[in-house]
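Comments concern the structure below.
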There are 2 protein chains.
Amino acid sequence: MSLRHALLGLLAEKPGTGYVLKKRFEQSLANVWSTETSQIYPELARLESEGLIIESARGPRRSKTYTVTPSGLVEIRRWLTEIEPNRSSRNEALLRVFFYFLLDEEEINRLIRKEIEYHRDLLASYEEIEKQLRASPNIGDQFGRIVLEWGLRYEPAFKEWLEWANARAKRAHRTTEGAPRQTRPVAKVRGTKSA
Amino acid sequence: MSLRHALLGLLAEKPGTGYVLKKRFEQSLANVWSTETSQIYPELARLESEGLIIESARGPRRSKTYTVTPSGLVEIRRWLTEIEPNRSSRNEALLRVFFYFLLDEEEINRLIRKEIEYHRDLLASYEEIEKQLRASPNIGDQFGRIVLEWGLRYEPAFKEWLEWANARAKRAHRTTEGAPRQTRPVAKVRGTKSA
DNA sequence: CTCGTCATGTAAAGCGTTACATGATTTC
DNA sequence: GAAATCATGTAACGCTTTACATGACGAG
């Protein structure tokens, strides 16, 4: 249940409405966590009913500003310090590379170049954010800056790996040429489909 | 729907039963994708009913070996080359760091050290796999090796960042000392809770 | 004959995404 | 007064995880 703690954390930083929380997800947490409004509003209602946040203000368009309560603060600290983080990760890009043996050299090259472009742009956007942070150093963005730093280190490393992978994929294809993994019969059909 | 294509890809590499597919997920794809048997078996049944795989053999304990069909091969190639990869990522470790402003220096230090240990062990396991691959170079593991290489590059980079983050967190705490973000009243309560 | 592992599945609950619905306020 | 944006929510569907159930085979 990371979403509820993400909401608690954001509200601990600064109270806000569901709408602004969504914006904050998109701006500061885009590459770390994401969610939809359809998940935010019910979760805020649940957090309120559990007393972890309170509706502290009503604004113009029947907007509700929520503020974290003392027990909400206790809860997020408990989560941070006592709950083992879920470290399982999924990376569809890597999963795909795993199956590149099914493609020819040219297609692999095209796909990897596309990835490189994507990550080049992502790095550029991180650098832009970093520039802005440097221009107006907001006390309080310290840990956001630390997370951003990871993006600034990750992207160049990933790009280098993609380039390495592209070169290596060519070599892999050359060495397996004429000996494809798929062409020999792999299993004798012993049973028959019965449904 | 990455799971179905992961299954197709694994079966394209080598036919197998649901049980061995689960093992292969754990061995080769652990850090890339994961799934449970409760997801594998229904998905295999669906893939078979769609003609993308066939039950090619029956073994001892009523085990069913599946093999990818020509249309299954077409499908996974289509997925690889024509479907835009889902690049959205979630990283709970980074999400947590974002909220470290709620903790004191000592706790942050403890948490970061724990992460460093975890990733140290993960890197060691990757290095072990790499050693084994080098010892018995299996043609066909080429792209698995390429994916592994990312792990061998990622882990040291992440560790360095964790160390940097730890040092920087200390600095961040010192500069915000006596000016915590949470202590001033953040919102006037204008409305009242009505449910 | 017992234990471990191989092997396949179902059920239920939780989490996440997509689609849809509605209305209020500000800006031009 | 029209359009953009602010703002909150529901419904349905799909994916993922946890828990449970069952049984076959092989080793000792």
Side-chain angles (χ1 to χ4, degrees), chain A residues 1-7 15-27 29-30 32-50 53 55-66 79 83-92 95 190-191 193-195, chain B residues 1-7 15-27 29-30 32-50 53 55-66 83-84 86-92 95 190-191 193-195:
Chain A
M1 270 218 241
S2 292
L3 174 69
R4 70 173 2 209
H5 294 103
L7 291 173
T17 65
Y19 191 84
V20 311
L21 286 168
K22 168 71 174 147
K23 296 278 161 188
R24 288 214 259 157
F25 262 104
E26 284 163 2
Q27 281 156 25
L29 293 172
V32 162
W33 210 263
S34 66
T35 188
E36 299 300 323
T37 54
S38 59
Q39 220 183 341
I40 289 175
Y41 292 112
E43 192 60 47
L44 287 173
R46 238 169 285 139
L47 286 166
E48 199 200 5
S49 77
E50 290 171 35
I53 62 177
E55 196 192 306
S56 57
R58 286 262 168 129
R61 304 158 175 117
R62 75 206 158 124
S63 70
K64 302 175 191 173
T65 298
Y66 290 100
W79 178 70
I83 308 295
E84 196 72 3
N86 176 5
R87 296 189 185 88
S88 75
S89 73
R90 287 170 174 211
N91 188 325
E92 197 183 302
L95 179 68
R190 270 198 279 159
K193 231 179 83 177
S194 51
Chain B
M1 271 216 238
S2 292
L3 173 68
R4 67 173 3 207
H5 294 103
L7 291 173
T17 65
Y19 191 84
V20 311
L21 286 169
K22 168 72 172 145
K23 297 277 161 189
R24 288 213 260 156
F25 261 104
E26 284 163 1
Q27 281 155 24
L29 293 172
V32 162
W33 210 263
S34 67
T35 188
E36 299 301 323
T37 54
S38 58
Q39 219 184 341
I40 290 175
Y41 292 111
E43 191 61 47
L44 287 173
R46 237 170 285 140
L47 287 167
E48 200 200 5
S49 77
E50 290 171 35
I53 61 177
E55 196 193 307
S56 56
R58 286 265 167 125
R61 300 156 176 129
R62 75 203 158 129
S63 70
K64 302 175 191 174
T65 297
Y66 290 100
I83 308 296
E84 196 72 3
N86 176 6
R87 297 189 185 88
S88 74
S89 73
R90 287 172 175 210
N91 189 324
E92 196 182 303
L95 179 67
R190 269 198 278 158
K193 228 178 85 177
S194 52

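Quick note on labels: first sequence line is chain A, next is B, and so on, each numbered from 1. Reckoned from all heavy atoms, side chains included, excluding hydrogens, waters and symmetry mates.
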Give me the distances for all protein-to-nucleotides 26-28 of chain D N/O pairs that come in under 3.5 Å?
none

Both B:Arg62 and A:Arg62 contact DNA chain C. Which one's nearest nucleotide lies toward the 5' end?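 Upstream on the strand: B:Arg62.
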
Starting at OH of A:Tyr19 and ending at P of D:dT5, how long is that distance when rounded to a whole Å?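 Going from A:Tyr19 (OH) to D:dT5 (P), I get 9 Å.
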
Can you check the A:Ile40 CD1 to D:dT10 P distance for me, whole Å?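 After rounding, the reported distance stands at 14 Å.
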
Short question: side chain of B:Glu92, backbone of A:Pro85 - any donor-acceptor pair under 3.5 Å?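 No, because the side chain of B:Glu92 does not come within donor-acceptor range (under 3.5 Å) of the backbone of A:Pro85.
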
Residues in side-chain contact (heavy atoms from CB on, under 4.5 Å) contact with B:Glu43, at least two apart in sequence or another chain: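 Partners of B:Glu43 by the side-chain contact (heavy atoms from CB on, under 4.5 Å) criterion, ordered by chain and then number, come out as B:Leu3, B:Arg4, B:Leu7, B:Arg46, B:Leu47.
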
Test of understanding: with side-chain contact (heavy atoms from CB on, under 4.5 Å), list the residues that count as partners of B:Lys22, not counting sequence neighbours.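 Checked B:Lys22 against side-chain contact (heavy atoms from CB on, under 4.5 Å); matches are B:Glu26, B:Glu36, B:Thr37, B:Ile40.
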
Rounded to the nearest 0.5 Å, what separation is found between the CG atom of A:Asn91 and the CZ atom of B:Arg90?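 Result: 14.5 Å between the selected atoms.
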
Could you grab the distance from atom OG1 of A:Thr17 to atom CD of A:Glu55, nearest 0.5 Å is fine?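 If we round to the nearest 0.5 Å, A:Thr17:OG1 and A:Glu55:CD are 11.0 Å apart.
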
Among B:Leu21, B:Ile53, B:Thr65, B:Val20, exactly one meets side chain to side chain contact (heavy atoms under 4.5 Å, CB included) together with B:Pro15. Which residue is that?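 The single option meeting the side chain to side chain contact (heavy atoms under 4.5 Å, CB included) with B:Pro15 is B:Thr65.
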
Hey, does B:Trp33 have a side-chain heavy atom less than 4.5 Å from the side chain of B:Ser2?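 Yes, side chains in contact.
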
Scan nucleotides 14-18 of chain D against the protein and return all N/O pairs shorter than 3.5 Å with their distances rounded to 0.1 Å.
residue	atom	partner	partner atom	Å
D:dT16	OP1	A:Arg90	NH1	2.7
D:dT16	OP2	B:Gln39	NE2	2.7
D:dT17	OP2	A:Arg90	NH2	3.2
D:dT18	O4	B:Ser38	OG	2.5

Mind checking which nucleotides bracket the chain B contacts on DNA chain C, 5' to 3', with an atom under 4.0 Å from a heavy atom?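 It runs C:dC6 to C:dT17.
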
Does A:Trp79 have any ring-ring contact (aromatic ring centres under 6.0 Å, His included) partners at least two apart in sequence or in another chain, and if so, which?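 A:His5.
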
Closest heavy-atom pair and its distance - B:Tyr41, B:Tyr19: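 Scanning both residues, the minimum pair turns out to be OH-N, 3.4 Å.
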
